Each structure stands twice: as structure tokens, then as C-alpha cells.
Q: 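The following block contains the structure, expressed as C-alpha cells.
The structure presented is a predicted model; accordingly, all values stated were derived computationally and were not measured. Computed from heavy atoms alone, side chains included, the values below leave out hydrogens, waters and symmetry copies.
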Amino acid sequence: MPFLWPDIITYLEAYKPIIVTKRVAWQFPYNGWYMCNTCGASRDNPSPSATGFCVRDSVGDLVYARAQQLEETTNIVVEAKAIRDGLHYYMEHDLHPLILETDSPGIKKIIEGEWDPPWCIMAEVNRIKQMKEEFNFHSFFELPSAVRRLINMDKSQIPNLRVRIAKRKAPD
């Protein structure tokens, strides 16, 4: 039976969203380990983009950070380039052992072989996989998007709150 407009309006006026809040904080790497957090961003696909990474030691001190503006490209390309650049720094400076975190679930699945890479990042993916074989670093972790924040908030463990509206079933 279809809804009538008055019924829909009554339902919407009475609607109260269920808010789900989760505390999210950057996790320190294991004692003696390094952690590299990467991020790539593109306003649209494609558009002017930027990429960056930071490396921290096991007490959370910043070892190195770099960001750079890139040509017009897509999100997946800059995410792959951020990981590649972070791993290049890791290899050049012999930072062992390493945990690498990315905020892109798609690129994580591509690197781990769960998804096939699109042609536009095939070279970066192959290089990342080669580095993964040559140098021992811990598997990729997906960094929740709510954790992306100012670098100096990470070490102090100031949490972010990820807030979302819970999904509900439509009324019968």
C-alpha cells in the first residue's frame, strides 16, 4: 500500500535519528617500530591534487613529514603516490620495522591483492608491491578517515569523535 503525503509528513516530523558516536585516536606504533601515515586528496576526479605522509617513531615523535601539490589527477592516483613516497623515504632512511597506515580502503585492498588495480596506478602498485617484497614492513592498516587531523594532536592522544546516523529499516 503506497504512503500518502500526510503520512509521509507525519513520519518525517516524528523522525529522530539514532546517533552513533565512536572515539577514534591515532595509535602509537609498537616499541622500536616506526609508523608512516599517508594521505592523498583530490577535490574532484580529476582535479588539482595533493599528497603527503608523515613518519613517527614509537614514542610518537615526528621523524619526517612531506606534502606536495600535484597535477590534475584522481583520488586513487594520489593515494597510491602517497604510499609510494612514504615507502621510498622508509627505504632511503632504513627505518625498520615499519607499520604503514592509509586512509583509503580502496588502495589498501588493491595493494593487498583483494582488488585489481586500475590501469592509471598500475606502475605505482607494482612498485609498492616490489618494495613490500624487498623490505619487511607490516601489512597495511586502514586509518579511519576521522583520524585525519593536525599532526600535533596525534601524539597527545586527543581523540576525534566519528559521528554518524545509524541506518534504519523503512517502516512496514
Q: Mark yes or no for whether E79, through its side chain, and G40, through its backbone, hold a donor-acceptor pair below 3.5 Å.
A: yes

Q: Only one of I110, I76, I111 clears side-chain contact (heavy atoms from CB on, under 4.5 Å) with P117; which?
A: I110

Q: Looking at T73, is its backbone amide N or carbonyl O close enough to the side chain of S42 to form a donor-acceptor pair, meaning the two atoms are under 3.5 Å apart?
A: yes

Q: Nearest 0.5 Å please: distance from the CG atom of L98 over to the NE2 atom of H93.
A: 13.5 Å

Q: How close do C36 and G86 get, counting heavy atoms only, and between which atoms?
A: SG-CA, 3.9 Å

Q: What is the distance from atom CZ of R66 to atom OG1 of T51, rounded to the nearest 0.5 Å?
A: 8.5 Å

Q: Kindly say whether N31 contributes a backbone atom to a donor-acceptor pair with the side chain of S58 at under 3.5 angstrom?
A: no

Q: How many angstroms lie between atom CE of M131 and atom CG of L87, to the nearest 0.5 angstrom?
A: 4.5 Å

Q: Under a 3.5 Å distance rule, please check whether N45 uses its side chain to pair with a backbone N or O of N75 as donor and acceptor.
A: yes

Q: Any side-chain heavy atom of W33 sitting closer than 4.5 Å to one from D57?
A: no

Q: Please determine whether a side-chain nitrogen of the Lys or Arg among E112 and K108 lies less than 4.0 Å from a carboxylate oxygen of the Asp or Glu.
A: yes

Q: Could you check whether H96 and Y34 have their ring centres less than 6.0 Å apart?
A: no

